[in-house]
Amino acid sequence: RAEAAAAAALQQQKAKQKKGGGSDAADAEDADKPGDGASSSADAEREAAAAALADVGKAAPAAASDDPMDVDAPQAKKLPEDYATAQQRQAAMTEAEAEALDSPTRVKSDEVLKLDQHKSEVFMCAWNPVHTHLIATGSGDASARVWEMGGTDAKSGLVKSTLLQHGSGSPSDKKNKDVTTLEWSPDGEMIATGSYDGVARVWRRNGEIVHTLRGHRGPIFSLKWNMTGNYLLSGSYDKSTIVWDVTGDMGFVKQQFRFHGDPALDVDWKDGTTFASCSTDKTVHICQVGKQEPFRTYKGHTDEVNAVKWDPSGTLLASCSDDCTAKVWDLTKPGTDPLHDFKQHQQEIYTVKWSPTGPGSKNEKKKLLLATASFDGSVRLWNVQDGSCQRILSRHRDSVYSVCFSPSGNYLASGSLAGQLYIWKVEDGKHVRSFKGKGDIFEVAWNVEETRVASCFSSNVVEVIDFKV
């Protein structure tokens, strides 16, 4: 039992790596205040962060094994019983048997392009929304890279990769500069990166540094551009969120929000000036640039809140937590009770993603869905109109750490800590592609054309998979 508990704790620690990089906070270099040097208070904060980060990897029961079939969710009252049955079937299946069942959908070797120039885990990847032959990746080796594809498929190979070095590149200067988050600007010309040293950086797509944004006193966990590209939003271990104005030659702090009592784990824009943030303090705040207080705070979760995401219309906010629930909040309604409270997952939920469908999206006639990915090894698709679970996707053998809808909303990619990548057809919940890589998958991402899926691995590589219907 002790060995099993230790293994579970290690698994959870790996799963949380993207929040805090791979280093101890006690060794993290201070992120200077604008125009100021390191302070003794910052040192004290880092010491406190070191103690707190020791508890980041919380032990949990072992995650689900593989399932011989895709389980469609019946009525809600039967979900726990059916879930237990699926768990029993998965436990009885060997890895060889599971791989044999995936054989008909397995991606062929000539349909995979491996990007292998990083020297440590690759935590993040993002396709350029405009220059769609480019993909950016962020790694624990204190760098990001922009990769230029040679064509539209794996056989076309790679033209080049551009290194975005965080620090001088010397071994001592690389310490605590793990790139933990990145995102392209809406016009595809800039890429923002956040790192464990508490510094946000903005680069041109050719690799030229534009802004070095110092204001946080701890690792940056989340970084998002607003829709117009004039503001950049960051959330940090220092408990604060910052809106940066990046329109001029010098980026600067437009406003810093200090409403959370513990680290801010995720942020997401509702519109050009309004955003949501979540924290290990179990709360979700809705804030607006220019306002001195949150205009809405949600306190329904009973454990740390891992992610927040707005739906395409900007009226519904989804959050997920280590309390094993996902909640949907309707900003148009008064009060602070959730519109939906999804409780069927058996372990922590690390991420939520909305389908790019329904009101406010390019696919307005398609039904809006919410995907939740859990350490219980399953992905669930929820109908937010009536609160029902539409599908349970349960072939993963380990914690599911990342999910991503395709641009049309017709497919969903999911990646797990066992290195399994699945692509599912949303309409019927059947998996149509499968891939098994080396190491754990931290992130999956679709390109705009819906022809390729990238997955980031703990084995220092990014695997780019061709997708054809």
Side-chain angles (χ1 to χ4, degrees), residues 113 115 122 124-138 143-154 156-164 179 181-194 200-211 213 222-234 244-249 251 267-273 275 309-312 314 353-357 360-364 402 404-411 413 443-456 462 464-468:
L113 176 62
L115 311 179
V122 185
M124 300 290 292
C125 60
W127 291 93
N128 190 299
V130 178
H131 308 281
T132 58
H133 62 296
L134 301 178
I135 184 172
T137 57
S143 78
R145 285 183 178 270
V146 176
W147 312 78
E148 182 178 346
M149 303 292 104
T152 58
D153 56 21
S156 303
L158 178 72
V159 174
K160 65 177 181 178
S161 76
T162 301
L163 176 67
L164 312 182
V179 178
T181 181
L182 57 79
E183 186 173 74
W184 289 100
S185 61
D187 63 4
E189 294 302 318
M190 305 283 188
I191 185 166
T193 61
R201 297 168 174 86
V202 179
W203 318 71
R204 302 191 198 282
R205 59 186 172 93
N206 65 3
E208 178 187 351
I209 186 72
V210 180
H211 300 302
L213 307 173
S222 184
L223 201 59
K224 300 287 176 63
W225 295 88
N226 70 349
M227 291 72 164
T228 54
N230 61 317
Y231 290 153
L232 189 64
L233 173 65
S234 56
W244 307 86
D245 188 321
V246 291
T247 55
D249 293 336
V267 293
D268 197 39
W269 288 101
K270 175 186 184 295
D271 52 39
T273 59
F275 67 90
K309 293 290 183 295
W310 292 99
D311 81 321
K353 293 290 175 64
W354 291 99
S355 60
T357 55
S361 74
K362 296 180 180 179
N363 308 293
E364 290 189 351
S402 180
C404 185
F405 281 95
S406 68
S408 69
N410 292 336
Y411 300 94
E443 186 81 71
V444 294
W446 287 87
N447 68 344
V448 173
E449 293 86 358
E450 202 168 287
T451 58
R452 307 180 92 168
V453 177
S455 52
C456 303
V462 179
V464 181
I465 312 299
D466 293 345
F467 178 74
K468 299 175 184 177

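The figures that follow rest on heavy atoms only: side chains count, while hydrogens, waters and symmetry mates do not.
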Looking at the rings of Trp310 and Phe275, which for Trp means the six-membered one, are their centres under 6.0 Å apart?
-> no
Output all residues satisfying side-chain hydrogen bond (donor to acceptor under 3.5 Å, both in side chains) with Arg452, sequence neighbours left out; order by chain, then residue number.
-> none
Which distance, rounded to the nearest 0.5 Å, do you find between the NE2 of His133 and the OG of Ser156?
-> 12.5 Å
How about Glu450 and Tyr411: do any of their side-chain heavy atoms sit closer than 4.5 Å?
-> yes
Closest non-hydrogen atom pair between Asn226 and Pro186, with its separation | O-CG, 3.4 Å
Gap separating the CG atom of Leu213 from the OG atom of Ser234, nearest 0.5 angstrom = 8.0 Å
Nearest atoms (heavy-atom pairs only) where Ser185 meets Trp225 | N-NE1, 3.5 Å
Side chains of Ile135 and Met149: closer than 4.5 Å at any heavy-atom pair?
-> yes
So, for Asp187 and Met190, which heavy atoms are closest and what is the spacing to 0.1 Å?
-> OD1-N, 4.1 Å
Atom of Thr193, atom of Ala144 and distance for their closest heavy-atom approach | CG2-CB, 4.1 Å
When rounded to the nearest 0.5 angstrom, what is the spacing between OG1 in Thr181 and CE in Met124?
-> 4.5 Å
Which atoms form the tightest heavy-atom contact between Gly188 and Val130, and what is the distance?
-> N-CG2, 4.1 Å
Nearest-0.5 Å distance that lies between atom CZ in Phe467 and atom CG in Asn447 = 10.5 Å
Give a yes or no on whether the backbone of Lys270 and the side-chain of Asp268 come within a donor-acceptor separation of less than 3.5 Å.
-> no
Verdict with reasoning, Leu182 to Ile191, per side-chain contact (heavy atoms from CB on, under 4.5 Å) | CA-CA 7 Å; Leu182 57 79; Ile191 185 166; 4.2 Å; yes
Stepwise side-chain contact (heavy atoms from CB on, under 4.5 Å) test for Lys468 and Thr451 | CA-CA 6 Å; Lys468 299 175 184 177; Thr451 58; over 6 Å; no
For the pair Trp147 (side chain) and Leu158 (backbone), establish whether a donor and an acceptor sit closer than 3.5 Å, ignoring hydrogens and angles.
-> no
Under the side-chain contact (heavy atoms from CB on, under 4.5 Å) criterion, do Leu223 and Leu233 qualify, and how do the steps go?
-> CA-CA 6 Å; Leu223 201 59; Leu233 173 65; over 6 Å; no
Is the closest basic N to carboxylate O distance between Glu189 and Arg205 below 4.0 Å?
-> yes
Mind checking what makes side-chain hydrogen bond (donor to acceptor under 3.5 Å, both in side chains) contact with Lys309, not counting sequence neighbours?
-> Asp266
Can you name the nearest heavy-atom pair linking Pro407 to Trp446, along with the distance?
-> CD-CB, 4.0 Å
Please state whether the rings of Trp269 and Tyr231 are parallel, tilted or perpendicular, taking 30° and 60° as the class boundaries.
-> parallel
Please tell me if the side chains of Leu134 and Glu148 come closer than 4.5 Å, counting only heavy atoms from C-beta onward.
-> yes
Exercise: do Trp127 and Thr132 side chains pair donor with acceptor under 3.5 Å | no
Take Ser361 and Asn363 through the side-chain hydrogen bond (donor to acceptor under 3.5 Å, both in side chains) test and state the conclusion after the steps.
-> CA-CA 5 Å; Ser361 74; Asn363 308 293; 4.9 Å; no
Would you check, one step at a time, whether the test side-chain contact (heavy atoms from CB on, under 4.5 Å) holds for Leu164 with Val146?
-> CA-CA 8 Å; Leu164 312 182; Val146 176; 4.1 Å; yes
What is the distance from atom CG of Leu232 to atom OG1 of Thr247, rounded to the nearest 0.5 Å?
-> 12.0 Å
Side chains of Asn230 and Thr228: is there a donor and an acceptor less than 3.5 Å apart?
-> yes
Using modelled atom types only, decide if a donor and an acceptor are shared between the side chain of His211 and the backbone of Gly251 within a distance under 3.5 Å.
-> yes
Scan side-chain atoms only and decide if Ser161 and Arg145 contain a donor-acceptor pair under the 3.5 Å cut-off.
-> yes
Ser402 side chain to Val444 backbone, donor-acceptor under 3.5 Å = yes
Asp466 (side chain) donor-acceptor with Asp153 (main chain) under 3.5 angstrom | no
